[in-house]
Amino acid sequence: MALFIDVEVSPEVASDAAIAAKLAEVCPVDIFAVGDGGSLEIVDANLDECVLCRLCIDAAPEGSVSVRKLYDGGAVL
């Protein structure tokens, strides 16, 4: 599978059940899911569906979610 983005979430945010639920709710292509215990999971199979909408970046504390464009030398969205 060829991906054009990579998503990174800080460990603090990934373990926060409230923020995990918010990220899962706002993503229009279901890149985020809430796992056991409320922790955030990234659904790798959906990464190629990203529309670069920035909703995840805006929903999380500043600097805690990054989306890197792999086709653009790793530029951060």
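- I57 and L52 fall within a single hydrophobic cluster, where Ile, Leu, Val, Met, Phe, Trp and Tyr are joined by side-chain heavy atoms under 4.5 Å apart, directly or via other members.
- Shown here are the salt bridge (Lys or Arg N to Asp or Glu O under 4.0 Å) partners of D30, two or more places apart in sequence or in another chain: there are none.
- Counting only residues at least two apart or in different chains, ring pair (Phe, Tyr, Trp, His ring centres under 6.0 Å) contacts with residues 46-77 comprise F4-Y71.
- Between V7 and C56 there is no side-chain heavy-atom pair separated by less than 4.5 Å.
- In this structure, V13 and P61 approach most closely via the heavy-atom pair CG2-CD, 4.0 Å.
- Put simply, L3 and I31 are part of the same group of oily side chains (I, L, V, M, F, W, Y) that touch within less than 4.5 Å, one to the next.
- Hydrophobic clustering (side-chain heavy atoms under 4.5 Å, transitive across Ile, Leu, Val, Met, Phe, Trp, Tyr) keeps V26 apart from V43.
- Proximity of a side-chain donor or acceptor of D16 to a complementary backbone N or O of I19 within less than 3.5 Å is detected.
- A pairwise comparison of heavy atoms in C53 and P28 identifies SG-CD, 3.9 Å as the closest pair.
- Closest approach of F32 to L23, counting heavy atoms only: CD1-O, 3.8 Å.
- Here the side chains of V29 and N46 are not in contact, with every heavy-atom distance at 4.5 Å or above.
- S39 places no side-chain N or O within 3.5 Å of a backbone atom of G35 that could act as its donor or acceptor partner.
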